[in-house]
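Report on the following structure.
One is the number of the first residue; the rest follow in order along the sequence. Source: prediction; values computed, not measured.
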Amino acid sequence: MGIKYFPEAYPDELIYSMLARYYVHSGYPAYIFCAEDIYVNKRVRPDMEFINEMKSGALDSMCREMTMAELVEKHTMFPYARFLSCERRNKAFEALCNMSGDYNNLLAIPKQKKGERKCLRYCPICAEKDRQLYGETYWHRSHQIAGVRVCPVHGCRLKDSSVVITAKSSPSLITAEQEIKEMDITYGNRIEVQLAEYVGKVFQSDVDIKNPVSVGQFLHSQMAGTEYRSVRGEQRNIQKFYDDFLAFYKELPIQGLTEQWQIQKVFNNYRFNCFEVCQIAMFLNIPIEKLCNMELPDKTQEQIFDDKVKELHEQGLKYPEIARKLNASYNVVKPVGGGRYGKYGYKKGTHQKCGAKPKDWERIDRESLPLVKAVIRELWGSRGKRPHKVTEFAVRKKLEIPNRRLELMPRCRKEILKYQESQEQYWAREIIWAVNKIQKEGKTLNWKQVRVLTNMRKDNVMACLPCLKEIAEPELYGLVQALL
């Protein structure tokens with residue numbers, strides 16, 4: 001049965017909630033009949049937080065007013081991936097857009113504690129306001145954020161429904177309107193409400209999937225000039241930070257971070273939990289907009305300190321005087337002046353007593369940029385050549401650059417990131433190449449010819465049609481539509 005009606009998505013609504021409302025509004029006699037119309041596998045258990053593989057007709061109905069990318073970013077728990085590494089974040093986004101189960105291994109999904117019963121949750125005040133605005137309530141994403149126990153908007157305690165989020169539950173689609181009856185209201189304490197509001201606003205903000213800055217580096221940079229970093233800035237006073245952090249959150253009923261090693265792992269880019277990162281960021285008083293658009297300062301605290309030492313030394317001050325002036329140890333200041341911390345701050349004519357000479361990464365980065373641009377052009381596909389995705393891995397492989405070396409070459413890395421694209425955008429370019437190739441060779445344009453060249457399924461082509469429409473000539477776009 002074709003889908004003639006599909007409910008419009010409400011703000012912050014889960015895909016599961018949209019499907020549940022469709023199921024109830026359409027009057028299906030049983031869930032299995034609805035599942036046959038919307039899911040590729042009718043026996044699959046509906047994913048309450050993300051998305052299952054759906055039939056093209058159902059997906060088209062959901063994407064009438066938005067792209068697949070918007071559906072994933074604004075109607076699933078994808079923002080959990082905000083603080084992952086750039087490469088992993090992009091892979092997770094592509095997996096969700098392709099409705100592939102791979103996202104489970106890529107996303108930083110908070111683990112359920114042993115014995116914990118995880119249910120869909122709701123805010124009584126939100127439910128009441130939904131009914132006033134829309135005539136019904138629905139399942140909100142922001143009420144399901146792991147670690148958040150009060151409504152980010154109203155500050156009242158979230159309530160557990162009887163809809164359990166577990167792989168063992170029977171497949172079903174249950175609307176919030178059917179489920180939410182209890183309306184008694186209690187509120188969280190000051191710090192609980194403040195943190196919930198902070199986490200909620202971060203979660204709702206747009207996710208910059210191409211941002212290359214790691215969350216550990218960013219948080220470390222935001223501690224500059226505080227008592228949690230040494231005078232020069234190369235060391236963290238993690239014990240002091242931990243003690244103050246626990247004191248700050250002492251009234252939080254359920255703390256995300258309770259151990260010192262957990263905090264250290266966030267700074268070292270081994271933990272990416274959205275709630276935990278927000279805990280640290282709020283404690284450091286980092287503005288939400290700054291956290292959602294992470295940038296590193298032009299100069300690190302170490303570089304600023306080294307510059308100051310060099311400046312004072314050139315003014316004629318001795319190292320003991322500089323140490324007193326900067327409130328630093330002589331043992332820290334003297335090595336800076338002697339060039340012991342690498343090329344930064346080296347005095348002309350000095351040399352290292354032993355060890356390998358440090359490489360001039362500024363020069364290497366500058367000289368490598370034309371080579372990187374040439375490889376990008378080759379990968380992108382020019383003069384009729386088949387296009388390939390431009391990734392750091394692909395560029396490194398072509399130029400035989402050792403692993404992680406690009407991290408020291410910001411110009412080259414920035415150039416590569418300009419060409420990062422979603423899987424749908426890449427498929428669109430590949431289809432354009434295939435159609436042009438078939439037409440140039442004078443062959444009959446049909447689906448078989450396109451499939452042989454691209455190795456794409458029809459549902460892949462359907463998924464990338466919005467991207468194809470943006471970049472292809474109208475005539476070519478029409479030809480592809482006719483093939484389907």
(request) For Glu367, enumerate each residue passing the side-chain contact (heavy atoms from CB on, under 4.5 Å) test, keeping only those at least two apart in sequence or located in another chain. (result) Arg363

(request) Start with the C-alpha gap between Asn446 and Gln449, add the side-chain angles, then the distance that decides, and say whether side-chain contact (heavy atoms from CB on, under 4.5 Å) holds. (result) CA-CA 6 Å; Asn446 55 44; Gln449 292 285 349; 3.1 Å; yes

(request) Sequence neighbours left out, what passes side-chain contact (heavy atoms from CB on, under 4.5 Å) with Asn293? Give chain and number order. (result) Glu289

(request) Please answer whether the main-chain N or O of Phe203 pairs with a side-chain N or O of Arg141 as donor and acceptor at a distance below 3.5 Å. (result) no

(message) If you apply the rule side-chain contact (heavy atoms from CB on, under 4.5 Å), what do you find for Val163 with Cys119, and how did you get there?
(response) CA-CA 5 Å; Val163 184; Cys119 308; 5.9 Å; no

(request) Could you tell me whether the side chain of Tyr138 and the main chain of Asp12 form a donor-acceptor pair under 3.5 Å? (result) no

(message) So, using side-chain contact (heavy atoms from CB on, under 4.5 Å) as the criterion, who are the partners of Asn436 when residues are at least two apart?
(response) Ile432, Gln439, Leu476

(request) Verify, without hydrogens or angle tests, whether Arg89 (side chain) and Asn211 (backbone) share a donor-acceptor contact under 3.5 angstrom. (result) yes

(request) Answer yes or no: is there a side-chain heavy-atom contact under 4.5 Å between Phe83 and Phe218? (result) no

(message) Nearest 0.5 angstrom please: Met48 CE to Gln144 CD, how far?
(response) 10.0 Å

(request) State which residues pass side-chain hydrogen bond (donor to acceptor under 3.5 Å, both in side chains) with Gln260; sequence neighbours excluded, sorted by chain then number. (result) none

(request) Decide side-chain contact (heavy atoms from CB on, under 4.5 Å) for Leu120 and Leu14; before the verdict, give the C-alpha distance in whole Å, the side-chain angles of both, and the deciding distance to 0.1 Å. (result) CA-CA 11 Å; Leu120 284 179; Leu14 285 167; 4.2 Å; yes

(request) Please name all residues satisfying salt bridge (Lys or Arg N to Asp or Glu O under 4.0 Å) with Arg229, sequence neighbours left out, ordered by chain then number. (result) Glu302

(request) Please lay out, stage by stage, how Tyr22 and Met62 fare under the test side-chain contact (heavy atoms from CB on, under 4.5 Å). (result) CA-CA 10 Å; Tyr22 164 72; Met62 294 185 79; over 6 Å; no

(message) Ignoring hydrogens, what is the shortest heavy-atom contact between Pro152 and Gly200? Give both atom names and the distance.
(response) CB-CA, 3.9 Å

(message) Could you check whether any side-chain heavy atom of Phe241 comes within less than 4.5 Å of a side-chain heavy atom of Arg236, counting everything from C-beta outward?
(response) no

(message) With side-chain hydrogen bond (donor to acceptor under 3.5 Å, both in side chains) as the rule and sequence neighbours excluded, what pairs involving residues 467-477 come up?
(response) Tyr477-Gln481

(request) May I ask you to test the Val395-Cys412 pair for a side-chain heavy-atom distance under 4.5 Å? (result) no

(message) Under a plain distance cut-off of 3.5 Å, with no hydrogens placed, do Asp243 and Gln239 share a side-chain donor-acceptor pair?
(response) yes

(request) To the nearest 0.5 Å, tell me how far Leu406 CG sits from Lys414 NZ. (result) 15.5 Å

(request) Could you tell me whether Glu94 and Lys91 make a salt bridge, using a distance below 4.0 angstrom between a side-chain N and a carboxylate O? (result) no

(request) Kindly check if the number of other-residue, nucleotide or ligand heavy atoms within 6.0 Å of CZ (Phe248) is above 12? (result) yes

(message) Once you measure the plane-to-plane angle for Phe93 and Phe78, does it fall in the parallel (<30°), tilted (30-60°) or perpendicular (>60°) bin?
(response) tilted

(request) Spell out, as yes or no, whether a donor-acceptor pair under 3.5 Å connects the side chain of Asn52 to the backbone of Asp47. (result) yes

(request) Would you list the pairs meeting salt bridge (Lys or Arg N to Asp or Glu O under 4.0 Å) in which at least one residue belongs to residues 50-72, sequence neighbours left out? (result) none

(request) Provide the full list of salt bridge (Lys or Arg N to Asp or Glu O under 4.0 Å) pairs with a residue in residues 205-217, sequence neighbours left out, each pair given once. (result) Lys74-Asp206

(message) How close do Ala9 and His75 get, counting heavy atoms only, and between which atoms?
(response) CB-CE1, 3.7 Å

(request) Determine which pairs satisfy ring-ring contact (aromatic ring centres under 6.0 Å, His included) with at least one residue from residues 44-70, sequence neighbours left out, and list them in order. (result) Phe50-Tyr103

(message) Using only atom types and a distance under 3.5 Å, with no angle test, would you say the side chain of Glu73 pairs donor to acceptor with the backbone of Val207?
(response) yes

(request) Look only at the side chain of Gln279 and the backbone of Leu257, and say whether a donor-acceptor pair between them is shorter than 3.5 Å. (result) yes

(message) Once rounded to the nearest 0.5 Å, what's the spacing between atom OG of Ser17 and atom NE2 of His140?
(response) 8.0 Å

(request) Mark yes when over 12 heavy atoms from residues, nucleotides or ligands other than Asn41 sit less than 6.0 Å from its CG; otherwise mark no. (result) yes

(request) Please tell me if the side chains of Gln204 and Lys201 come closer than 4.5 Å, counting only heavy atoms from C-beta onward. (result) no

(message) Could you tell me if the side chain of Asn269 sits less than 4.5 Å from the side chain of Val215, heavy atoms only?
(response) yes

(request) Give the minimum heavy-atom separation between Met282 and Leu195, together with the two atoms involved. (result) SD-CA, 3.7 Å

(message) With a 3.5 Å distance limit and no angle check, can you tell me whether Gln301 reaches the backbone of Ser230 through a side-chain donor-acceptor pair?
(response) yes

(message) Nearest 0.5 Å, please: how far is CG in Leu107 from CG in Leu84?
(response) 6.5 Å

(request) Flag the pair Gln420 / Cys86 as yes when at least one side-chain heavy-atom distance between them is below 4.5 Å, and no otherwise. (result) yes

(message) If you count every heavy atom of other residues, nucleotides or ligands that lies below 6.0 Å from Glu87 atom CD, does the total exceed 12?
(response) no

(request) Give the minimum heavy-atom separation between Leu96 and Ile51, together with the two atoms involved. (result) O-CG2, 3.8 Å

(request) Specify the closest pair of heavy atoms between Leu483 and Leu445, including all atoms of both residues, with the distance to one decimal. (result) CD2-O, 3.9 Å

(request) To the nearest 0.5 Å, tell me how far Arg232 CZ sits from Leu326 CG. (result) 12.0 Å

(message) Any side-chain to backbone donor/acceptor pair from Tyr242 onto Thr258? Under 3.5 Å, distance only.
(response) yes

(message) Please check: side-chain N/O of Glu276 versus main-chain N/O of Phe272, any donor-acceptor pairing under 3.5 Å?
(response) no

(request) Taking only Lys NZ, Arg NE, NH1 and NH2, and the carboxylate oxygens of Asp or Glu, determine whether Arg413 and Asp365 approach each other closer than 4.0 Å. (result) no

(message) Quiz question: by atom type and distance under 3.5 Å, do the side chains of Glu227 and Asn237 form a donor-acceptor pair?
(response) no

(request) May I ask you to check whether over 12 heavy atoms, not counting those of Lys389, lie within 6.0 Å of atom NZ? (result) yes

(message) Strictly below 4.0 Å, N to O, side chains only: are Glu49 and Lys118 in salt-bridge contact?
(response) yes

(message) With heavy-atom distances below 4.5 Å as the criterion, would you say the side chains of Leu19 and Pro46 are in contact?
(response) no

(request) Any salt bridge (Lys or Arg N to Asp or Glu O under 4.0 Å) involving residues 423-449? Give me the pairs, sequence neighbours left out, ordered by first then second residue. (result) Arg386-Glu430, Glu421-Arg429, Lys437-Glu441, Glu441-Lys443

(request) Using ring-ring contact (aromatic ring centres under 6.0 Å, His included) as the criterion, list what pairs up with Trp380, not counting sequence neighbours. (result) Tyr419

(message) Within this structure, what is the CZ-CD1 distance for the pair Phe6 and Ile38, rounded to the nearest 0.5 Å?
(response) 7.0 Å

(request) Without swapping roles, check the side chain of Asn98 against the backbone of Gln423 for a donor-acceptor pair under 3.5 Å. (result) no

(message) I'd like to check the side-chain contact (heavy atoms from CB on, under 4.5 Å) partners of Thr226; sequence neighbours left out, ordered by chain and number.
(response) Met223, Tyr228

